[in-house]
Amino acid sequence: MDMQATPIDGQETKTEVVRTNCRACGHAGCGVFVTLEDGKAVKIRGDMEHPISKGYLCRKARGFIADLQYHKDRLLYPKKRVGERGEGKWERISWEEALGTIADKFNRIKEENGPESVIFGHGTGRSHHRFVYRVANMFGSPNVLANGHVCYLPRLAVSKQLGMSVPIVDYDNNPQCVMSWGSNTIKSNPDEYIGVNLGLSLKRKPSYIVVDPQRTQLAEKADIWLQLRPGTDVALAMAMMHVMVKEDLYDRHFVDNYTTGFDKFCERLEEYPPEVGEEISWVPREKIIAAARLFAQTKPAAIQWGVGIEHGVNCSNSDRVLIYMSALTGNLDVPGGNVMFGPPPGLPRMEFCGNQFLDSIDKMLGGTRYRLAASINRITPHVIWDAIETGEPYPVRAMLIMGSNPLVVRANTSRVYESLKKVEFLVVADIFPTPTTELADIVLPAKTWIEFDNIADYWKSHGYIFPRPKIVDAPGEAMADVEILNELGKKLGFEDSFWEDYEESLDYILEPAGVTWEEFKDMDYLRNEPRYRKHETEGFKSKSGKLDFYIQQNKDWGYDPLPFHQEPPESPAREPEFVEKYPLVLTTGTRVQEYFGSEHRQSPLLRKTHPYPLLSIHPETAAARNIEHGDWVYIESPRGKVKHKAKVTDGVDPRVVAAEFAWWYPERAAPDYGFRECNINFLTDDLNVGPESGSTNLKGLMCEVSKI
Ligand SMILES: Nc1nc2c(c(=O)[nH]1)N[C@H]1C(S)=C(S)[C@@H](COP(=O)(O)OP(=O)(O)OC[C@H]3O[C@@H](n4cnc5c(=O)[nH]c(N)nc54)[C@H](O)[C@@H]3O)O[C@H]1N2
Ligand SMILES: Nc1nc2c(c(=O)[nH]1)N[C@H]1C(S)=C(S)[C@@H](COP(=O)(O)OP(=O)(O)OC[C@H]3O[C@@H](n4cnc5c(=O)[nH]c(N)nc54)[C@H](O)[C@@H]3O)O[C@H]1N2
Ligand SMILES: [Mo]
């Protein structure tokens with residue numbers, strides 16, 4: 001079916017229905033029909049024929065069309081700060097002045113301190129990243145600040161290290177056992193997954209295991225629910241694999257032919273018998289054993305893992321052990337297992353982004369400390385805050401942030417605030433004013449996804465790309481991030497590497513696939529045909545050509561070459577005085593249907609059903625603190641204290657509480673918009689991070705809760 005523009009006759013208003021791919025949330029990927037009345041988007045519905053979303057559409061899309069696309073608060077013009085930082089005094093400027101000022105400033109800093117003194121930043125998904133990396137690489141700064149230290153990129157880096165692309169669940173080929181591990185997929189629709197595929201798969205009644213500290217809607221459907229202590233995934237997975245190996249439930253053919261280091265791995269497994277798994281993870285050993293047997297004995301079996309495992313010091317090892325579990329049970333790259341679908345057709349993404357950063361890892365902030373993150377051009381935030389605070393190892397003088405709200409989403413907000421306030425030159429591009437734009441020197445108004453042509457899902461691991469054509473005009477002078485970066489790239493002096501018009505870059509990406517943007521925008525999608533069991537003919541793309549259980553590169557980098565559980569820096573194992581003060585384990589970032597990250601809170605439709613942040617707390621724990629369902633409570637850690645509403649539920653362990661993330665109140669006064677009151681990241685820690693990827697601890701913290 002082509003993108004349709006179907007005028008419906010006989011009406012006064014001109015109505016058209018346009019087919020496209022939604023990006024009302026940052027990860028996106030649902031096929032939709034948008035109804036336009038006189039050129040204005042008024043309605044959105046799911047596309048039943050879309051190969052990934054299959055007709056599904058979430059409430060954020062409806063909230064976007066109803067409330068956000070034409071919202072009165074949208075940023076319309078570039079502006080520069082004229083008063084003190086955060087004072088809220090602005091002057092409208094032209095794009096010429098905005099981009100000219102930014103380019104001059106960046107080039108001056110480059111001359112004076114080197115290109116690495118300029119930081120380029122972005123948030124999750126949102127499909128303009130390729131341009132952020134391209135500009136950063138051309139300019140010569142290896143410092144790109146994103147969420148890659150805690151989200152998705154660790155699994156990309158670990159997969160790369162193991163010689164593969166990210167192995168994702170092959171729902172279309174009916175896994176007979178599904179294990180959801182740290183992913184509430186039906187609410188989050190993360191990355192390349194739309195939850196409907198898990199939902200449809202569960203209708204076919206596979207065996208189902210859920211590994212989650214909370215009794216989510218999915219956990220309620222599980223045959224076995226492993227309610228682990230947050231931050232202990234590696235210990236639990238190792239204990240399961242201990243059972244698989246001891247009971248000879250693993251795929252010997254795969255291990256013998258396609259892996260290295262299995263003996264050493266087995267030695268490490270000896271340290272994690274089920275009783276140790278139980279002690280660390282709080283999951284009873286009988287359940288560990290039962291889950292291990294069920295997963296290993298049902299074929300094919302697939303692991304739907306998510307960011308629940310990446311938000312902590314064990315991040316990279318968690319990704320690693322789940323890939324090992326898939327391999328050990330013979331489910332890697334088989335139909336209905338976890339499959340490496342590879343990159344989509346078109347120019348390989350890295351070629352667009354550039355890889356100049358590889359030559360300046362030693363200049364990258366934390367580049368020689370967090371090697372795994374550095375290997376894919378990511379840094380952890382604290383190295384930037386450190387450099388802004390101390391000027392070491394060199395001054396960080398400017399930051400360009402395209403579509404991210406670090407004041408709300410980065411760990412340890414107080415530090416983020418001090419750093420953004422102190423940095424000499426801060427530029428932020430966003431669709432709406434946020435606590436972060438309020439601190440900027442220059443604010444750039446961005447277009448929404450329906451206001452410009454783009455290739456959707458280019459960054460994902462499912463092997464598809466989709467057209468996302470422009471369907472409405474942008475308000476004011478809003479400009480797409482990709483257009484802004486294309487213009488900035490030229491102004492910085494790299495005319496040869498950017499395009500006269502941004503749209504030409506779409507042809508550049510599509511050229512190897514043999515189509516132009518004009519052709520592609522009328523197509524359903526382009527896809528690389530899936531191929532299975534590639535290891536049988538091609539091996540793995542690692543040095544050994546096999547899947548390494550023992551990673552020599554990690555050893556060379558000074559990390560443990562084998563997976564191990566690291567106790568979270570703040571945990572019940574800490575000294576008694578600490579635990580007395582902060583007795584509860586805190587996991588943060590429980591996703592809710594209405595909002596994506598810090599977005600969408602301007603929508604009355606979405607706020608109506610979820611007006612405040614909620615803290616899930618067990619009835620006993622609540623009663624001991626005189627807290628009732630619906631009470632406002634303080635949550636406090638060594639770094640801060642914020643207010644949520646208590647949601648009393650026995651779906652969490654009495655020793656654990658679970659908080660939502662990314663809260664602020666756009667309806668309140670600038671510059672803070674109430675974020676000091678409710679943003680959970682005042683409690684999280686940016687300094688005690690995972691050794692390889694600098695992952696911050698967002699899931700296994702300690703806190704105390706009290707009634708207000
Ligand atoms: N509506 C909505 N959708 C979103 C987002 C959003 O903010 N709102 N955010 C997007 C982003 S940035 C991401 S990364 C994805 C995330 O999406 P997924 O990767 O699917 O992860 P979540 O849905 O956040 O589910 C995390 C689950 O892990 C559990 N959990 C908490 N701590 C632990 C732990 O220590 N171990 C284990 N095993 N589980 C734990 C939580 O209880 C939760 O059920 O969602 C994306 N989609
Ligand atoms: N405590 C805690 N903290 C977390 C997490 C957690 O679970 N717990 N999750 C972490 C994870 S996984 C992630 S990925 C991050 C999310 O981190 P981010 O992606 O940085 O966070 P958002 O708050 O979603 O910020 C996105 C901003 O971009 C704007 N925006 C949306 N679309 C566009 C666009 O097309 N162009 C531009 N210029 N702006 C746009 C939005 O208005 C919003 O202000 O948060 C992390 N922080
Ligand atoms: Mo994320």
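Counting starts at 1 for both ligands and their atoms, in listed order.
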Do me a favour and list the nearest non-hydrogen protein atom to [atom] with residue, atom name and distance?
atom	value
atom 7 (O) of ligand 2	R591 NH1, 2.8 Å
atom 15 (C) of ligand 1	P190 CB, 3.6 Å
atom 22 (P) of ligand 1	N184 N, 3.7 Å
atom 20 (O) of ligand 1	S183 OG, 2.5 Å
atom 33 (C) of ligand 2	I431 CD1, 3.5 Å
atom 32 (N) of ligand 1	T587 OG1, 3.0 Å
atom 34 (C) of ligand 1	G308 O, 3.4 Å
atom 45 (O) of ligand 2	V409 CB, 3.4 Å
atom 38 (N) of ligand 2	D481 OD2, 2.7 Å

Flag [X] as yes when one of its N or O atoms lies below 3.5 Å from any N or O atom of ligand 2, and as no otherwise.
X	result
G123	no
D430	yes
R23	yes

Does any N/O atom on [X] come nearer than 3.5 Å to any N/O atom on ligand 1?
X	value
R155	no
T124	no
S188	yes
V307	yes
K60	yes
Y595	yes
N189	no
D191	no
V592	yes
G231	yes

Quiz prompt | Residue selection (non-hydrogen contact nearest atom 26 (C) of ligand 2) among Q602, R126, E599 | solution = R126

Quiz prompt | Per atom 41 (C) of ligand 1, closest listed option by heavy atom (L198, N147, I186, D212) | solution = D212

Does ligand 1 have any atom that is closer than 4.0 Å to a heavy atom of [X]?
X	result
A658	no
L228	yes
P213	yes

Would you mind checking if [Y] and [X] are paired as a salt bridge, meaning a charged N to carboxylate O distance below 4.0 Å?
X	Y	result
R639	E570	yes
E599	R126	yes
E477	K79	no
R215	D212	no
R607	D67	no

Which atoms of ligand 2 are found less than 4.0 Å from any heavy atom of [X]?
X	value
A429	37 (C), 38 (N), 39 (N)
A446	36 (N), 37 (C), 38 (N)
T434	44 (O)
N681	1 (N), 2 (C), 3 (N)

So is [X] close enough to ligand 2, meaning a heavy atom under 4.0 angstrom away?
X	result
V408	no
K699	yes
H122	no

Practice problem: Could you tell me which atoms of ligand 1, counted from 1 in the order shown, lie closer than 4.0 angstrom to a heavy atom of G597? | Solution: 6 (C), 7 (O)

Practice problem: Please could you name the atoms of ligand 1 that F661 approaches to less than 4.0 Å, counting only its heavy atoms? | Solution: 7 (O)

Quiz item: Under the side chain to side chain contact (heavy atoms under 4.5 Å, CB included) criterion, do S318 and V234 qualify, and how do the steps go?
Solution: CA-CA 5 Å; S318 304; V234 176; 3.5 Å; yes

Exercise. Starting from the C-alpha separation in whole Å, work towards a yes-or-no answer on salt bridge (Lys or Arg N to Asp or Glu O under 4.0 Å) for K187 and E660.
Key: CA-CA 13 Å; K187 288 227 173 127; E660 293 172 5; over 6 Å; no

Practice problem: Mark yes or no: R410 above the aromatic ring of W385, with NZ or CZ under 6.0 Å from the six-membered ring centre and no more than 45 degrees from the axis. | Solution: no

Exercise. Determine, for Y673 and R601, whether the Lys NZ or Arg CZ falls below 6.0 Å from the six-membered ring centre while staying within 45 degrees of the axis.
Key: no

Quiz item: What distance do S316 atom OG and L153 atom CG have between them, rounded to the nearest 0.5 Å?
Solution: 11.0 Å

Practice problem: Let me see the working for E594 and H610 under side-chain hydrogen bond (donor to acceptor under 3.5 Å, both in side chains), right down to the final yes or no. | Solution: CA-CA 7 Å; E594 291 87 349; H610 203 127; 3.2 Å; yes

Quiz item: NZ of K221: more than 12 outside heavy atoms within 6.0 angstrom?
Solution: no

